[in-house]
Amino acid sequence: MRTTVSDTRIEAELPSPPDELVQLLDPEGRRIEDPLYDPYVSDVSGEALLRLYEDLVVVRRIDVEATALQRQGQLGLWPPLLGQEAAQVGSALALRADDFIFSSYRENAVAYCRGVELPQLVEVWRGTAQSGWNPYAVNMATPQIVIGAQTLHAVGYAVGCRHDGVDTATITYFGDGATTQGDVNEAMVFAASFGAPVVFFCQNNQWAISEPVGLQAQRPIAERAPGFGIPSIRVDGNDVLAVLAATRRALDRAHRGDGPTFIEAVTYRMGPHTTSDDPSRYVDPLQREEWAAKDPIARVEAHLRDAGVLTDETAASVAATADEVAAAFRAGCLALPNPAPLSVFDHVYAEPHTGLARQRSQQEAYLRSVGELEGGAE
Amino acid sequence: MRTTVSDTRIEAELPSPPDELVQLLDPEGRRIEDPLYDPYVSDVSGEALLRLYEDLVVVRRIDVEATALQRQGQLGLWPPLLGQEAAQVGSALALRADDFIFSSYRENAVAYCRGVELPQLVEVWRGTAQSGWNPYAVNMATPQIVIGAQTLHAVGYAVGCRHDGVDTATITYFGDGATTQGDVNEAMVFAASFGAPVVFFCQNNQWAISEPVGLQAQRPIAERAPGFGIPSIRVDGNDVLAVLAATRRALDRAHRGDGPTFIEAVTYRMGPHTTSDDPSRYVDPLQREEWAAKDPIARVEAHLRDAGVLTDETAASVAATADEVAAAFRAGCLALPNPAPLSVFDHVYAEPHTGLARQRSQQEAYLRSVGELEGGAE
Amino acid sequence: MTELTLAKAVNSGLRRALADDDRVVLLGEDIGPLGGVFRVTDGLQRDFGTDRVMDMPLAESGIIGMAVGLAYRGFRPVCEIQFDGFIYPAFDQIVAQVAKLHYRTRGAVRMPITIRVPFGGGIGAVEHHSESPEAYFAHTAGLRVVTCSTPQDAHTMIRQAIACDDPVLFFEPKRRYWTKGEVDEDADFPFDRARVLLEGADVTIVAYGPLVATAIDAAIAAGDEGTSVEVIDLRSLSPLDLDTVEASVRKTGRLVITHEAAQFGGLGAEIAASITDRCFLYLEAAPARVTGFDTPYPSARAEEHFLPDLDRILDAVDRVLGRQNALTGWSAS
Amino acid sequence: MTELTLAKAVNSGLRRALADDDRVVLLGEDIGPLGGVFRVTDGLQRDFGTDRVMDMPLAESGIIGMAVGLAYRGFRPVCEIQFDGFIYPAFDQIVAQVAKLHYRTRGAVRMPITIRVPFGGGIGAVEHHSESPEAYFAHTAGLRVVTCSTPQDAHTMIRQAIACDDPVLFFEPKRRYWTKGEVDEDADFPFDRARVLLEGADVTIVAYGPLVATAIDAAIAAGDEGTSVEVIDLRSLSPLDLDTVEASVRKTGRLVITHEAAQFGGLGAEIAASITDRCFLYLEAAPARVTGFDTPYPSARAEEHFLPDLDRILDAVDRVLGRQNALTGWSAS
Ligand SMILES: Cc1ncc(C[n+]2csc(CCOP(=O)(O)OP(=O)(O)O)c2C)c(N)n1
Ligand SMILES: Cc1ncc(C[n+]2csc(CCOP(=O)(O)OP(=O)(O)O)c2C)c(N)n1
Ligand SMILES: [Mg+2]
Ligand SMILES: [Mg+2]
């Protein structure tokens, strides 16, 4: 006999829905009290919040400029972060200088907050180099394009910090789509197993190119981590204060030696996946409109205006600063030098490699023979 | 200001410990009532349970014989299932004939229950072939050695069944160690995403070769699946009735079109990982003893004796049957033919391949020239 | 006959395969409403439904692993890997499962899986979007590897790949996606044969995929200077149609091979070694290879310094003809 | 000087590396209390602790990915892949990360990662335990690939690999783990040079790893029949020490290359092509390759029909010497 029994107990075994999003600033700019998270941002009001606001405005302005540069043929590609400013700025500013970052390709605001110089932000996208900066100069690895690969690097780095006896934390950024990759799940296993001081920061921007998050995850993404033994937080990714608070909380755990934490920042990709993408093929304009109403900058602006910290005058000065940054960014981008012909052979190895050395010499001789090297040719 | 706040909410976000193990027969052989799972095994008592008992005894006997064959140099390797008889027999007997199985390398009892012929069980381990049977003859893929790879195959097969409009279910077997592999986690994402009629059957035998399960999982393994949107059941893997009930429940969901289910069968690998392994280097004998007291066969025997179904006489007849099977198994093993020299070229491709055909002809000419082929040599 | 771009020719080939055989299913990232990042699957989900054309969660191992299961069930899965550089997460499923299952099961289980991979450089892309990984797969027993250089071949060969009972890696030369050409849907020709595109007497140039057009340009330029060059488009990389190359080299005595992949251990090595073995007494010079360098693919603005081009091919033609040039001293002396 | 098995020689090399540099860490499955399935890490966790010798969760991509992070942090990770056939899940991390990070970061980030891989067949194992995947990695720019054939090399080369600032794939010939030989811990020699093991005048045999011993046996047997064979142990597979091979072939005019990996696209092709290019006018015959077949590795009881052996090598020696044999008709005619 094979009876069919109602599945109540199985359903009950699913975890209950996660706590509502952590939110400290609602879309209208009202400050929402939260006894757990408020203390993490008690230093951020008035002028401090105004500086945060300026960062948000500036990174959006850079992003818009980069898109324009791409349209003008000055960049090969650009992955806009429009709509994700709060998730990136809020989390980046929570970090200590010695904390190390392993990001994906869209975290240009994180890099900006980290002090990466403006033209270095676009070297990869202009195509003059495979990376823009020295990771050790800003404690941030250069963009990772292979989805999810960087999350394992973060775990290794974090375990290395613990071996070194320092309380440095590591944070890794990735998208909702990335949560499907084996590497990201392995990273959670390894992080939990070694109690690694690492923060998994997932920007759930609802899309992986054209694929909605529902294809990657049947449950809120934040629910995945606890099953690996990693506590998680689900935060309004368009609320810069909430993101700052949540990330500080997670980093505190890491600095204290309490192991990994997973953060899902719920946000929305307001632009195309990259400048090559055509979202009109798959995005419902209504959905986009709904999210436009939750804009991460508008709510800070509303809040600051209500608080009388932001006036038309300060707003104009912030906008002017942003324009200046954008102009410097553009100029720096256009001034980036093109790679020299033989540079393709540089840095393949750290130590001499006889095979490659021979190939390089051959190519050098060839280039000289056709007059394409200075001092060249018979 | 960066305040440190107590982490109560984070801890609360961890799922509560899973329900205690599903158990219908305790180690002493007492039948434990369970209103949810009892209906699934209402057909299994008395004679039916005796037949189950015989299966358990026979598969253990085959396993012992295989180990002996390996020690005598007749097998290259053998992965014993000692201790895991209930997990394998209970789950295998829950399946319909049309349900399809993707297993790992240790599921020899599953294959036996599936009707695989005795010598075919050991072809791989004797080294006469890379697989022992035609998967379509018994609806069971041949052993998968790459850890975790088969779980994705199961999801694909299950989605294929749905496309075909049949209610066939698919089951995939893997170990506790396998849960770390990217593939297994990807399989859960894909299964959830497509609502695939697949059962993930994890035999948590506490070890991945020398590594304790604690290196792979910080939480009970059954807690992982719900975060992927897959309900899970944790079952006493040494209780054949409970395993049968849990698997039937999961299969019912699949047959009904309710999607994937994850089962963690908690058991113990009583033997070495394989005949090449030396568990004395890493197993605590006390732990092994504890588990010996939970033997999967002893409890069925105790129960059947209490119920008066098993007498010394029937026990002896079961043992005799097992010995007969073992003898046939041994004879079949020893009779397996060695592969012919040119067989290495067979079945690389399904259609003619000019490069390989040429290589095969060359080798044929060479073998003839050195007199190693019948009808050979100048 | 219709004029189509190479991308559209693959699209129409996929469409025909879907229409002709209901066991054909398409799997990939963004292949549904978006039609793939190169629009190769444009309109197919709309016309054949979400069961036949399936957007996949973002994991290449998952995609190929799932295709294996579908093949077990008798389907003919066609997987799209979005870019060459993203095939590596699926490497294990491809070389340890897809390639070996027919062998492992002594022929009981067939793996008629087609893996479509837009490959190669020349489009100014960021890292991982310009790679040429074909040698890894050609070295893997159990796989077939093919590539196309014209819309006609793209159309016919994708249908042949799907119809083939073996797994096929189908490399699409992405920088030629916008090349136009006539396509006859009814054309047919052997799947695993190379094609002599230009006949010539002095030197044989062997190319495939994106560099076929470059090889033809080089042959024409050489012709203008009085050198008669034969150009062979390999089309199939595993198996290689060495009979065709051998016949050509027996005639010309000189061989130049070009590909974008790194030289060291690339297919050029296999072709050079095999042809040397078959034609030793006919060769007037050692075969020359004109390839990408043994470096990672460089950044977009450096790719012109990396990719084989007309001048480098002509330089090699000169060399095998024994004309002194900058590299003469480097080879046989 | 102590007499050690090859496995013990790797062990003592690892021990020295751990003792000499506290940035060296070992990562792998079952390398702790068990000492690895081949006992190569025996006793190291006991003596250096669980922070230096870390049993890893069961995922190869995870192991290599974690090693990348440790290398970022200034460690020198040494990863054990349990068997050749299980390196593929880590393929993406190896070819897209480990190999490319130094290039990507213009030299800012070094990847001094050693990946130890017991490889090759001949031990009667089940599927996936007898593979020779070296060509995949040799074709990948940014990696170094080495292998050893004696306890002395095993000891010295593993230390050199760990000391090297580049990533190194270190292939250990598993069927020679139990070969004994003298080991001088203070010996040193260049990391990337081949070694002439036997000098000879008529034919050059190039081998590496497990087949070096077979090549020597073949050379001795050929010597008994009056043919003087030079045997070269490559040791480094990327870079290849082609200078040493070239010098030998200029002398002998004849080349036989042997490896267990599939012939098609294997290292033998690169060696044959490169040496033909360098020594065209010195070659008396096309280089011959004696390799595993272009099939998956077969079941244990068929491996004798698959692996290159003394007879097949001698047959190739005959062939390059122009002696008529069964295969003469197959190559240059
Ligand atoms: C391994 C791999 N597969 C495919 C791609 C192509 N690709 C680039 S971005 C992307 C979607 C990523 O989505 P998500 O992780 O949500 O990040 P987002 O772009 O939304 O920030 C894909 C499929 C890739 N970069 N790497
Ligand atoms: C990808 C891969 N890596 C490593 C191995 C070597 N290996 C074989 S069995 C095993 C442990 C598996 O443990 P578990 O999944 O718990 O299954 P069990 O053996 O306990 O049944 C390992 C590491 C393998 N077969 N495949
Ligand atoms: Mg996203
Ligand atoms: Mg286990």
Side-chain angles (χ1 to χ4, degrees), chain B residues 76-77 105 123-131 143 145-149 175-183 208-211 215-217 273 276-278 281-282 336 338-348 353 355-356 358-363 365-370 372 377-378, chain D residues 29-39 42 54-62 65 82-83 85-86 88-90 92 123-129 262-264 291-307 311-312 314-316 324-331:
Chain B
L77 191 76
Y105 43 83
E123 287 207 60
V124 165
W125 311 105
R126 186 159 167 85
T128 50
Q130 299 290 40
S131 66
I145 289 171
V146 179
I147 298 295
D176 45 305
T179 61
T180 294
Q181 285 285 4
D183 273 5
I209 308 188
S210 73
E211 300 185 340
L215 188 63
Q216 322 284 347
H273 169 67
S276 294
D277 184 33
D278 175 9
R281 287 182 165 248
Y282 58 83
L336 286 168
N338 280 335
L342 286 172
S343 70
V344 297
F345 294 97
D346 295 343
H347 305 303
V348 180
H353 185 282
L356 190 65
R358 183 178 165 102
Q359 198 174 67
R360 185 186 188 284
S361 301
Q362 287 177 343
Q363 180 64 2
Y366 165 75
L367 289 174
R368 280 194 201 287
S369 77
V370 296
E372 287 186 23
E378 306 111 326
Chain D
E29 295 159 9
D30 304 293
I31 66 168
L34 185 64
V37 294
F38 290 106
R39 307 294 180 267
D42 195 25
M54 295 188 270
D55 262 344
M56 288 281 124
L58 205 177
E60 289 74 14
S61 188
Q82 201 161 74
F83 282 91
F86 306 137
Y88 307 126
D92 179 57
I123 63 163
V126 293
E127 206 185 350
H128 313 290
H129 291 71
Q263 178 164 113
F264 194 85
T291 67
F293 300 121
D294 297 332
T295 73
Y297 200 89
S299 65
R301 288 183 182 234
E303 68 181 343
E304 59 172 310
H305 307 308
F306 174 92
L307 288 171
D311 290 331
R312 280 175 59 202
L314 287 176
D315 188 71
Q324 282 296 118
N325 71 13
L327 298 192
T328 308
W330 290 100
S331 73

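For the numbers below, each heavy atom of this structure counts, side chains included, while hydrogens, waters and symmetry mates do not. A note on names: the letters A, B, ... follow the listed sequences, proteins ahead of strands, and every chain is numbered from 1.
The contact between D/Tyr297 and chain B is made entirely by backbone atoms, counting heavy-atom distances below 4.5 Å. Looking at D/Ser61, there are no atoms closer than 4.5 Å to chain B (heavy atoms on both sides), in backbone or side chain. In this structure, no portion of B/Asp183 lies under 4.5 Å from any heavy atom of chain D. Heavy atoms of B/Gln130 lying under 4.5 Å from chain D belong to its backbone as well as its side chain. For a residue to count as touching a neighbouring chain, one of its non-hydrogen atoms must lie under 4.5 Å from one of that chain's; by this rule B/Arg126 touches chain D with backbone and side chain alike. Looking at B/Leu215, the atoms closer than 4.5 Å to chain D (heavy atoms on both sides) sit in the backbone and in the side chain alike. When heavy atoms are compared at a cutoff of 4.5 Å, D/Glu29 approaches chain B by way of both its backbone and its side chain. Using a 4.5 Å cut-off between heavy atoms, B/Ala340 contacts chain D through its backbone alone, with no side-chain atom that close. Heavy atoms of B/Ala178 lying under 4.5 Å from chain D belong exclusively to its backbone. Both the backbone and the side chain of B/Ile209 come within contact range of chain D, each with at least one heavy atom under 4.5 Å from a heavy atom of that chain. Contact annotation for D/Glu303: neither backbone nor side-chain heavy atoms come within less than 4.5 Å of a heavy atom of chain B. Proximity to chain D (any heavy atom under 4.5 Å) is restricted, for B/Ala129, to the backbone atoms N, CA, C and O.
Between chain D and the options B/Pro341, B/Pro339, B/Gly76, B/Ala208, the largest number of non-hydrogen pairs under 4.5 Å is found for B/Pro341. The most heavy-atom pairs under 4.5 Å with chain D, out of B/Gln363, B/His347, B/Gln359, B/Arg360, come from B/Gln359. Ranked by heavy-atom pairs shorter than 4.5 Å toward chain D, the options B/Val348, B/Ile145, B/Thr179 are led by B/Ile145.
The pair D/Asp294-B/Arg358 does not meet the salt-bridge criterion, since no charged nitrogen lies less than 4.0 angstrom from a carboxylate oxygen.
With rounding to the nearest 0.5 angstrom, the CG atom of D/Leu58 is 5.5 Å from the CD atom of B/Gln181.
Contact check for B/His273 versus D/Leu34: no side-chain heavy atoms found under the 4.5 Å cut-off.
For D/Phe264, there are no ring-ring contact (aromatic ring centres under 6.0 Å, His included) partners at least two apart in sequence or on another chain. Partners of B/Glu123 by salt bridge (charged side-chain N to carboxylate O under 4.0 Å, His left out), not counting sequence neighbours, listed by chain and number: C/Arg106.
The nearest pair of heavy atoms linking D/His128 to D/Phe86 is CB-CE2, 3.7 Å. In this structure, D/Arg312 and D/Phe293 approach most closely via the heavy-atom pair NH2-CE2, 3.5 Å. Shown here for B/Ser210 and D/Asp55, the closest heavy-atom pair between the two residues is OG-OD2, 4.5 Å. Residues B/Val124 and B/Ser131 come closest through the heavy atom pair CG2-CA, 3.4 Å.
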- Between B/Tyr282 and B/Asp277, does a side chain to side chain contact (heavy atoms under 4.5 Å, CB included) hold up when you go through it step by step? CA-CA 11 Å; B/Tyr282 58 83; B/Asp277 184 33; 2.3 Å; yes
